[in-house]
Amino acid sequence: MATPLSHTPPSALRTVAVVGLGTMGTGITEVLARAGREVVGIDVSESQAAQCLAALEASTTRAVQRGRLTGEERTALLSRVRVSTDLALAADADLVIEVVPESYEVKQQVFRELDAVVRPEAILATGTNALSVTRLAAESARPERVLGLHFFNPAPAMKLVEVVSSVLTAPGAVSAVTDLALDLGKEPVAVGDRPGFVADGLLFGYLNQAAAMYESNYASREDIDAAMRLGCGLPMGPLALLDLIGVDTARTVLEAMYSASQDRLHAPAPILRQLSEAGLTGRKAGRGFYTYEAPGSGTVVPDALTPREDGAGTGGRTVRSVGVAGSGTMASGIAEVFAKGGYDVVLAARSEEKAQAAKARIGKSLARSVDRGRMTAEAAAEALERITPTGTYDDFADVDLALEAVAEDLEVKRQLFTALDKVCKPGAVLATTTSSLPVIACARATSRPQDVIGMHFFNPAPAMKLVEVVRTVLTADDVHATVREVCGTIRKHAVDCGDRAGFIVNALLFPYLNNAIKMVEEHYASLDDIDTAMKLGGGYPMGPFELLDVVGLDVSLAIEKVLHREFRDPGLAPAPLLEHLVAAGCLGRKTGRGFREYAKR
């Protein structure tokens with residue numbers, strides 16, 4: 001016999017009860033009412049219920065002012081919403097969505113009370129992002145009607161909805177809420193029941209590592225956040241995002257993830273416990289990793305940890321001319337950046353022909369900038385004129401800064417630094433653009449390790465604003481100051497970090513990418529669903545598999561191996577699927593096939 005849930009069309013889900021009227025519950029209520037649903041909002045607190053109505057009135061007033069709603073539509077929308085403190089009002093609901101605090105005890109109590117109230121065919125959805133849907137369903141009188149419906153904050157703006165099935169969930173319930181999500185204008189992604197699901201499962205591991213990085217004093221909170229915004233195109237840095245989510249909430253999610261995975265990358269960083277127990281839970285408390293103008297405010301105010309802007313510190317060395325070693329895309333891009341910044345550039349390659357070809361590539365790039373109105377033809381011509389191509393490093397004899405952008409091979413770089421040590425004048429700064437190799441190894445290949453520093457540009461160098469400035473334990477203060485000043489002149493944002501694998505960006509980015517591959521290996525979610533979840537739920541400009549194919553699977557594997565070798569964490573071991581694809585020659589877009597296949601150019 002068919003269950004009442006076997007054939008539940010979305011049109012049947014006309015009345016929805018939302019239990020828990022905090023920020024998320026209020027947002028879900030607005031989304032449902034905008035889509036024409038009758039909504040009953042229920043909260044144990046009368047003041048919270050009243051705040052929900054006030055928030056709806058305010059948001060819909062703004063929508064009318066901006067021309068997104070008419071006055072009549074606003075009136076109709078508000079008429080579809082009732083709020084109460086009485087759970088019995090869920091009796092007529094076709095769907096109940098609970099978004100009460102992340103606690104099994106609290107949620108199970110709500111589900112027990114709902115069992116006594118709702119109709120047998122009603123669907124019960126939990127909005128949890130950390131707790132087991134299966135465990136909650138098992139406690140229900142009708143586990144087949146229980147599933148997860150995970151919206152993202154702010155619910156009216158965020159497109160992603162994760163539809164979470166347990167082994168007990170009836171297919172009809174999944175179909176009904178999936179169709180409802182589409183009717184709400186959302187992008188539903190079907191996932192199984194595991195802590196964090198897809199988006200938060202990947203996001204919170206990354207946030208946890210960022211918190212641990214900050215706790216270790218490896219980099220400042222400002223530099224960690226700026227690095228991930230500018231290096232990866234993310235809308236927020238990880239520490240600012242933890243403050244927005246709530247440090248206590250993040251700790252709860254990570255505890256659930258670690259309990260299920262036993263992966264040390266999910267074990268909450270101690271600082272999350274320390275901040276939570278001190279009541280410094282982020283924006284809502286007015287202080288977390290940052291300090292805010294007031295509780296609930298998003299305006300950061302200076303505190304004792306805010307970097308000083310008074311310019312005090314060691315002065316740098318004078319830099320008028322720059323030598324760039326290499327002829328590839330990165331070397332050409334860096335040479336272009338310095339030339340546009342007003343520096344005389346010596347571009348040295350293994351042959352005169354390669355150097356001339358690199359300069360020609362720069363000329364084409366400058367011409368494109370002129371065509372797009374980003375610079376005048378005169379400025380482009382002047383920049384190109386500043387670049388002198390050469391086939392010998394001997395021409396670096398008079399440069400003030402020598403920067404290498406050759407192959408990511410330690411022996412190749414060591415040999416180059418030995419050559420630069422012999423050629424460059426005393427006092428010249430020697431820099432490497434390495435993204436994964438130890439800067440100190442390059443420095444020790446010279447007789448002047450105090451003059452060596454890392455300047456990790458991002459590709460394409462003319463467009464990307466970030467430079468990771470990497471000091472070794474031997475780098476002189478005035479060398480560090482010099483590079484910081486130079487970054488300002490070429491209009492790049494410099495972030496400081498120490499000489500360890502991955503620096504800031506790659507150390508946080510590649511474990512996240514590796515974990516996405518593991519999700520596919522475990523058949524938890526598809527490439528497309530994971531990419532969609534991270535773009536819509538995490539605000540990433542590209543999904544992890546899109547990014548892996550762009551970066552190159554061989555490059556990604558090499559960085560993963562370096563991270564695993566440096567930190568010795570089993571959770572950082574490269575996913576076997578990545579190794580298999582590289583072994584098969586499937587390296588991403590550059591070979592026409594990686595995680596996806598690409599049309600031949």
Side-chain angles (χ1 to χ4, degrees), residues 152-154 157-158 199-200 202-251 253-254 265 268-269 271-272 275-276 280-293 296-307 309 435 456-458 463-470 484 487 492-498 500 502-513 515 534-544 547:
F152 288 74
N153 200 21
M158 299 295 278
D200 285 352
L202 293 176
L203 178 66
F204 277 87
Y206 150 71
L207 296 177
N208 191 42
Q209 287 177 281
M213 178 181 282
Y214 170 68
E215 186 173 21
S216 71
N217 290 318
Y218 176 67
S220 71
R221 58 190 181 181
E222 288 83 1
D223 279 355
I224 291 171
D225 280 353
M228 298 313 292
R229 283 188 292 105
L230 300 175
C232 295
L234 299 179
M236 293 183 76
L239 303 179
L241 182 54
L242 279 165
D243 275 355
L244 176 62
I245 292 168
V247 175
D248 52 341
T249 301
R251 182 187 172 200
V253 174
L254 285 162
L265 298 178
I271 194 172
L272 299 178
L275 290 172
S276 296
L280 307 179
T281 53
R283 285 192 187 184
K284 59 189 175 186
R287 186 176 164 197
F289 286 94
Y290 294 90
T291 300
Y292 298 88
E293 200 170 50
S297 169
T299 303
V300 174
V301 296
D303 58 21
L305 298 175
T306 303
E309 299 290 345
S435 63
H456 180 213
F457 286 77
F458 288 74
M464 298 294 279
K465 293 292 185 184
L466 182 68
V467 175
E468 290 177 319
V469 177
V470 187
R484 295 278 310 191
C487 286
K492 298 298 182 186
H493 186 106
V495 296
D496 287 326
C497 51
R500 74 180 201 188
F503 310 136
I504 297 175
V505 174
N506 286 347
L508 296 179
L509 174 64
F510 280 89
Y512 148 77
L513 296 175
N515 285 335
M534 296 316 296
K535 286 190 288 187
L536 298 182
Y540 283 68
M542 301 178 79
L547 182 56

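Values reported hereafter were calculated over all heavy atoms of this structure, with side chains retained and with hydrogens, waters and symmetry mates removed.
- Among residues at least two apart or in separate chains, there is no side chain to side chain donor-acceptor pair (under 3.5 Å) pair with a member in residues 203-218.
- Minimum interatomic distance between S435 and H456 (heavy atoms only, all atoms of both residues): CB-NE2, 3.2 Å.
- Between R229 and M236, the closest heavy-atom pair is CG-C, 3.7 Å.
- Separation of atoms CZ (F458) and CG (L230) is listed at 9.5 Å; rounding is to 0.5 Å.
- In this structure, R251 and L275 have side chains that are not in contact, with every pair of non-hydrogen atoms separated by 4.5 Å or more.
- Taking both residues in full, the closest heavy atoms of A227 and I504 are given as CB-CG2, 3.6 Å, listed atom of the first, atom of the second, then distance.
- Atoms CG and OG1, from L254 and T249 in turn, are 11.0 Å apart once rounded to the nearest 0.5 Å.
- Inter-residue side-chain proximity for L547 and L509 is flagged as met; some heavy-atom pair is nearer than 4.5 Å.
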- Query: Checking side-chain contact (heavy atoms from CB on, under 4.5 Å) for the pair I271/F289: CA distance, chi angles, key distance, verdict?
  - Reply: CA-CA 9 Å; I271 194 172; F289 286 94; 3.9 Å; yes
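- You'll find the side chain of C497 stays beyond 4.5 Å of the side chain of V469, heavy atoms only.
- Using cut-offs of 30° and 60° on the angle between ring planes, the pair Y290 and Y292 is perpendicular.
- Taking a cutoff of 4.0 Å between a charged side-chain nitrogen and a carboxylate oxygen, D243 and R221 do not qualify as a salt bridge.
- Taking Y512 as the reference, Y540 meet the ring-ring contact (aromatic ring centres under 6.0 Å, His included) condition, with sequence neighbours excluded.
- Looking only at side-chain heavy atoms (C-beta outward), L207 and L241 come within less than 4.5 Å of each other.
- Here the closest non-hydrogen pair linking A211 and L242 is CB-CD1, 4.2 Å.
- Nearest approach of K535 to P541, heavy atoms of both residues: CD-O, 4.0 Å.
- Taking both residues in full, the closest heavy atoms of A226 and L466 are given as O-CD1, 4.5 Å, listed atom of the first, atom of the second, then distance.
- Counting only heavy atoms from C-beta outward, the side chains of L536 and F152 never approach each other to under 4.5 Å.
- Atom-to-atom distance recorded for M213:CE and D223:CG is 11.0 Å, nearest 0.5 angstrom.
- Between the T291 side chain and the R287 main chain, no donor and acceptor come within less than 3.5 Å of each other.
- Residue M534 holds its CE atom at 14.0 Å from CE of M542, rounded to the nearest 0.5 Å.
- Here the straight-line distance linking atom CD1 of I245 with atom CG of L203 works out to 5.5 Å at 0.5 Å rounding.
- To the nearest 0.5 Å, atoms CG (L513) and CG (L508) are separated by 11.0 Å.
- Distance alone, capped at 3.5 Å, is enough to place a donor-acceptor pair between the E468 side chain and the V505 backbone.
- Of the possible donor and acceptor atoms, one in the side chain of D303 sits under 3.5 Å from a partner among the backbone N and O of T306.
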